[in-house]
4 protein chains.
Amino acid sequence: MAAPEIDHESPTPVYRQIAAVIIADIESGTLPVNRRIPSEASLVQRFGVARETVRNAVRFLREEGHVCTVPQRGTYVRDRSKGED
Amino acid sequence: MAAPEIDHESPTPVYRQIAAVIIADIESGTLPVNRRIPSEASLVQRFGVARETVRNAVRFLREEGHVCTVPQRGTYVRDRSKGED
Amino acid sequence: MAAPEIDHESPTPVYRQIAAVIIADIESGTLPVNRRIPSEASLVQRFGVARETVRNAVRFLREEGHVCTVPQRGTYVRDRSKGED
Amino acid sequence: MAAPEIDHESPTPVYRQIAAVIIADIESGTLPVNRRIPSEASLVQRFGVARETVRNAVRFLREEGHVCTVPQRGTYVRDRSKGED
DNA sequence: GTGGTCTAGACCACC
DNA sequence: GTGGTCTAGACCACT
């Protein structure tokens, strides 16, 4: 099976569910500020979804200001303590 | 021809007959709580009716509290065990 | 062949080239403010690319503030005369 | 073994030998102006050298003005007909 | 081994 | 017939 935390029957899109899991990891401190989040490839593995779905999740996190992506380097947890949107 | 369960000669509107079939599926457990009901397209196929008729049936189910519709995601069987209207 | 205006050998990504064509249409007045731009499907046809590539182009236009997308309705040329980024 | 055109015993550095082969391809028209040169990976394959060596060769070509590199897109044969250095 | 781009398909809700 | 989501692959530059 895929990941237990993902419900493909849910009205919430899978990419949003993945984003929510990552946000929870950020807010719990499992993913501290300036730490790199897992790579797209490993998120594909972990959640058992297509890469595009993972990219949608990461794009959503980026648009919401939770992370920033540095091409070729990774995606990092943003420091939101100052100047949030 | 259409589906055997639909009687186009009946005084009961077709959309109500379709709604009744779906309600029966819900109450029998064929459609469990929080499960998405079949897509509009498949209901059109199954009952041999126009899209608008299916939409009327679903709107009726929604107004009666049997289902709830989540924008962009589908229509889901509501949990009526807790007694909000 | 695809569209003459797209060069798949160019260092500029195809989705950016498509965005540039649409921006040119906006700036020349071919696509006036509040007009809907062509649908994703027709852009796929016109440029001979995958839908994902068209979506990347439209997302880029959206991020740059040239258009706004209304789900299920289309993507519209934004009025940038006031309050641009 | 490596490629026949590379002589690891030569006093000429390998990266220079690789650069020379690519320059020959450019001047013979095998690699036309504005065409992307082969990817790093394929040059590694073709010449049987380390990645870093290929990168050195490409950097040399760039510094000598034979090619220009566009971030994220590749390295392209420059048009030298117009005489900027 | 990272993200960027691209292909070629699919099903869906909603209009 | 519109955009939203998803799959399952591919090649690439750059670190």
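A note on names: the letters A, B, ... follow the listed sequences, proteins ahead of strands, and every chain is numbered from 1. Quick note: numbers below take in every heavy atom, side chains included, and nothing from hydrogens, waters or symmetry partners.
- Salt bridge annotation for D/Arg36-C/Glu9: absent, with no cationic side-chain nitrogen under 4.0 angstrom from a carboxylate oxygen.
- Going from atom CD of C/Gln72 over to atom P of E/dC14 covers 8 Å, rounded to whole Å.
- Across the protein-nucleic acid pair, C/Glu9 atom CD and F/dA13 atom C1' stand 16 Å apart, rounded to whole Å.
- For the pair B/Ile18 and B/Phe47, the tightest heavy-atom approach, listed with the atom from each and the gap, is CG2-CE1, 3.7 Å.
- Place A/Val14 and C/Val70 on DNA chain F by their nearest nucleotides, and C/Val70 ends up nearer the 5' end.
- Partners of A/Arg35 by side-chain hydrogen bond (donor to acceptor under 3.5 Å, both in side chains), not counting sequence neighbours: none found.
- The two residues A/Arg78 and A/Val33 come nearest to each other via the heavy atoms O-CG2, 3.8 Å.
- Between C/Val21 and C/Glu5 the shortest heavy-atom distance is CG1-OE1, 3.8 Å.
- Of all the residues in residues 30-43 of chain B, not one reaches under 4.0 Å from DNA chain F with any non-hydrogen atom.
- Scored by the side chain to side chain contact (heavy atoms under 4.5 Å, CB included) test, B/Thr30 finds B/Asp25, B/Ser28 as partners (sequence neighbours excluded).
- Atoms CZ (C/Phe47) and P (E/dT7) sit 13 Å apart, rounded to a whole Å.
- Of the candidates E/dG3, E/dC6, E/dC15, E/dC6 carries the atom nearest the C/Tyr15 side chain, counting heavy atoms from C-beta on.
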Give me the distances for all protein-to-nucleotides 8-10 of chain F N/O pairs that come in under 3.5 Å?
residue : atom : partner : partner atom : Å
F/dA10  : N6   : A/Arg51 : NH1          : 3.2

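- The separation between A/Arg59 atom CZ and F/dG4 atom P is 11 Å, rounded to whole Å.
- Heavy-atom nearest nucleotides on DNA chain E were determined for B/Thr75 and for C/Pro13, and the one closer to the 5' end corresponds to C/Pro13.
- Separating the CZ atom of C/Arg16 from the C1' atom of E/dT5 is a distance of 12 Å, rounded to the nearest angstrom.
- The CG atom of C/Asn56 sits 15 Å away from the C1' atom of F/dG3 (whole-angstrom rounding).
- The distance between atom CZ of A/Phe60 and atom P of F/dC6, rounded to the nearest whole Å, is 12 Å.
- Put simply, the side chain of C/Gln17 gets close to the backbone of C/Thr12: a donor and an acceptor are under 3.5 Å apart.
- Of the candidate nucleotides E/dT7, E/dA13, F/dC14, E/dT7 has the atom nearest to the side chain of C/Thr53.
- Linking Ile, Leu, Val, Met, Phe, Trp and Tyr residues whenever their side-chain heavy atoms come within less than 4.5 Å leaves B/Leu31 and B/Tyr15 in two separate clusters.
- When all heavy atoms of A/Pro38 and A/Ser42 are compared, the pair lying nearest together is CB-OG, 3.3 Å.
- Side-chain N/O atoms of C/Arg55 include none lying less than 4.0 angstrom from OP1 or OP2 on E/dC6.
- Legend: residues meeting side-chain hydrogen bond (donor to acceptor under 3.5 Å, both in side chains) with D/Thr75, ordered by chain and number and at least two apart, are D/Thr69.
- In DNA chain F, runs of at least 3 stacked Watson-Crick or G-U pairs (N1-N3 plus N6-O4 or O6-N4, or N1-O2 plus O6-N3, all under 3.5 Å) give these stems: E:1-14 with F:1-14.
- Between the CD atom of C/Gln45 and the P atom of E/dT7 there is a distance of 14 Å, rounded to whole Å.
- Hydrophobic clustering places B/Val14 together with B/Ile23 (ILVMFWY residues linked when any side-chain heavy atoms are closer than 4.5 Å, directly or through intermediates).
- Across every non-hydrogen atom of D/Val67 and D/Ile37, the tightest pair is CG1-CG2, 4.2 Å.
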